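Just so we're clear, the structure is a prediction, and the values are computed from it rather than from any experiment. Order of the sequence lines sets the chain letters (A, B, ...), proteins ahead of strands, with each chain counted from 1.
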Number of protein chains: 2
Amino acid sequence: MATIRDVARAAGVSIATVSRVYNNQDLVNADTAERILKIAAELDYWPNPTAQSLTTRRTRTFGVLLPDLFGEFYSEVIRGIDLAARRGGYQILLSSSHSNPEDVLMASRAMLGRIDGVIMMAPDETSIDTVARVRDRVPVVLLNPRTPVEGCHSVAVDNFHGAKAAVSHLIGLGHRDVAMITGPEGNGDAEDRLRGFREALADEGLDPDAALVIPGDFRETTGFGAGEVLLGRRPRPTAVFAANDSTAIGLMAALRVAGCRVPEDIAVVGFDNVTIAGYLNPALTTVHVDACGLGGRAVELMMAALEAGAQDLPRHQVIQAVLKVRQSCGAQKTPALKRHSADGPAGDDVDIRGETPLRSGGDPS
Amino acid sequence: MATIRDVARAAGVSIATVSRVYNNQDLVNADTAERILKIAAELDYWPNPTAQSLTTRRTRTFGVLLPDLFGEFYSEVIRGIDLAARRGGYQILLSSSHSNPEDVLMASRAMLGRIDGVIMMAPDETSIDTVARVRDRVPVVLLNPRTPVEGCHSVAVDNFHGAKAAVSHLIGLGHRDVAMITGPEGNGDAEDRLRGFREALADEGLDPDAALVIPGDFRETTGFGAGEVLLGRRPRPTAVFAANDSTAIGLMAALRVAGCRVPEDIAVVGFDNVTIAGYLNPALTTVHVDACGLGGRAVELMMAALEAGAQDLPRHQVIQAVLKVRQSCGAQKTPALKRHSADGPAGDDVDIRGETPLRSGGDPS
DNA sequence: TTGTACGCGTTATCAT
DNA sequence: ATGATAACGCGTACAA
């Protein structure tokens, strides 16, 4: 409750001097500074950030707008943002679960004035217009934008090539009838993964239009349902590319219930590389996405933008999605062709869990 | 960039009138109000929340302090907080990954002045002192506090009884040699679950001190390592209670690698009921924790506290943790005793995924 | 090195 | 119903 005035009075100085102690420490006599600091501590004085922001026009806070918070992906993104933000001395104002453009606009509005910038993953139908409105006021960093917005920075996961690598790998193993379970309709990430799927097929001379594509929504339960659909299909695909790991997990459960073995009867590949992927039975082959790094990069771009001020020009970064081969895709079905080497470093190990086990060296992945 | 003054000038009224339009709509002439609103829209004026807070002394924001963001539990807590906060018209200032009391104090300090209250899950060694410092300024709601702090509200998951129910269930199935893999040392939740484990054993006439207790840290990799330790033990326990689902998942992977069947050779029970628990092979018996609800409750307490103001007296809520029986614990090993019914409604179905599958009715749990 | 005084954008109090 | 003006707590020219 103590204000700068209380401290000034108690120390017998002006508020300007107290203020200087906190801002330009060197502009004030060392002794006085020390005395003031001591008195401030006694009074449990702490500068009021709200008042500071009013004059400095900086909040050292940025807003984070997410469409959802469900699942490991989003939580990792936030973790990355939080970590990087704190390192840079910034706070984060979080708001999620925005399913439509109005939500996004309202949430941004509520934030405007308390933040120096916004990091947002816009729900897919969000109009460029809405985003532009926000961008006119503060720097905006877009996460996985489906379409770039002029004047906005962006960080995106390379869903397309990640998906393509996964499907190419399946084809390289000899599969000719590969199905896909998609993500939610209208979701940009999901669409890019579908595009990667189709292009991988086309590149191998297979017909994308002939491939079985089952609609999904990124959730386990849908993967499970898709599994049932898949099993009724004749001829039955020998491999499935799931739009994300949750879907793959649901799918594998359905296959297991039906007595269908993975990867012997059907190969499965997911996307995301969630923490438990390596602990599943069979361990899940998937495409690793560094969600935490995605958030961290966004923060770095934001801080750079804040630093640059007016003469700041938009930067766009892409985060690679790397295939992580485990057991669920099985091994070669036919003798190796030149295809095999084409996978390149895709199969390389991405160390997900940076720590060694507490008591033992075991790790199944 | 337009301020209240710009709008006032353009509308030919005083700033007081403009202000009233946004606060006491009814105190101003309907026509003028409409005119002002129109001009405000043209100027893209939006009240500056920072300035508002300075005079009103309310920010409509509360701080959320979490020790970590890793894993589904925390992300669900945040989701619950976010949902409830937005419903109440509040914003949330998030800060996590605080491993020690100094971190917590610093983070709170940085928040003070921008928030109306703090919801925090203090890392375990955090001194009551630190929390009290914050509480002296703003209402505090503690999440799963290991010890209650005077003057603070709290919401806690009943880890103790949840754990006890899980272990009692195992004993009821005929297991006499039950091991446990604990959570991180010093973690309150983990300790309560250990206490529940021990009391369940004692209640059944088994010796808690004779039971195998392997240290863990809530992560898959440790569960995996613990599995290896467990398998070397003679006599080998016939059941294991893992302090959380991640640990159980790591454990099951280790058992699988070693050719040990679950539940036939070793029964496994986890804690948390993460989304994928029902999709594992075998489906994981675990204790359901409504993390999202935990966060929501905290917000409700906070809003009530804010409402009550000075004459606000601390409330403490407990959230039940309910046993969710699936396959990993197996069925009865010996003929049913009276124990069986003692599980009561614990085995009742807690519907985790509130939605029905998109295309098909399947669900493995 | 320190003090004075203004401004940040708003709400609230008192007039009118 | 509306206007003038003093807070709110702080940073910062400018002056001393």
Regarding A:R86 and A:D82, does a basic nitrogen lie under 4.0 Å from an acidic carboxylate oxygen? yes
Between B:T3 and C:dG9, does any side-chain N or O lie under 4.0 Å from OP1 or OP2? no
Based on the rotation axes of five pairs at each end, what angle does the helix from C:dT1-D:dA16 to C:dT16-D:dA1 bend through, to 10°? 40°
Starting at CZ of B:R9 and ending at P of D:dG3, how long is that distance when rounded to a whole Å? 14 Å
Would the distance check show the side chain of A:E72 and the main-chain N or O of B:E72 forming a donor-acceptor pair, the cut-off being under 3.5 Å? no
Within this structure, what is the CD1-CG distance for the pair A:I119 and A:L93, rounded to the nearest 0.5 Å? 12.0 Å
Within residues 21-37 of chain B, residues whose heavy atoms come under 4.0 Å of DNA chain D: B:L27, B:V28, B:N29, B:T32
Gap between atoms CZ and C1', on B:R58 and C:dT11 respectively (whole Å): 14 Å
Tell me whether A:S19 contacts the main-chain N or O of A:I15 through its side chain, where contact means a donor paired with an acceptor under 3.5 Å. no
Stretch residues 45-56 of chain A: residues that reach within less than 4.0 Å of DNA chain C through a heavy atom: A:L54, A:T55
When rounded to the nearest 0.5 angstrom, what distance separates CG in B:N48 from CD1 in B:I4? 10.5 Å
Without decimals, in angstroms, what is the distance between A:R60 CZ and D:dC10 P? 18 Å
Looking for any heavy atom pair under 4.0 Å, which part of the strands does B:R5 touch: base, sugar-phosphate only, or nothing? base
Could you state the atom-to-atom distance from CD1 of B:I15 to C1' of D:dT2 in whole Å? 13 Å
Could you tell me whether B:R20 contacts a base, only the sugar-phosphate backbone, or nothing, with contacts defined as non-hydrogen atoms closer than 4.0 Å? base
In whole angstrom, give the distance that lies between atom CG of A:D6 and atom C1' of D:dC10. 13 Å
Does the A:T50 side chain pair with the main chain of B:T50, one donor and one acceptor, at a distance under 3.5 Å? no
Do we see a donor-acceptor contact under 3.5 Å between the side chains of B:D68 and B:S97? no
Lys/Arg N to Asp/Glu carboxylate O, B:R9 vs B:D6, below 4.0 Å: yes
Mind checking A:S19 for me? I need base, sugar-phosphate or nothing, with any heavy atom below 4.0 Å counting as a touch. base
Contact under 4.0 Å: A:T17 side-chain N or O vs C:dT2 OP1/OP2: no
Flag, side chain of A:T17 to backbone of A:V13, donor-acceptor distance under 3.5 Å: no
What's the CD1-P distance between A:I4 and D:dC8, to the nearest Å? 14 Å
Carboxylate-amine/guanidinium proximity below 4.0 Å for B:R137 and A:D44: yes
Please report the interatomic distance CZ(A:F73) to CG(A:D189), rounded to the nearest 0.5 Å. 6.0 Å
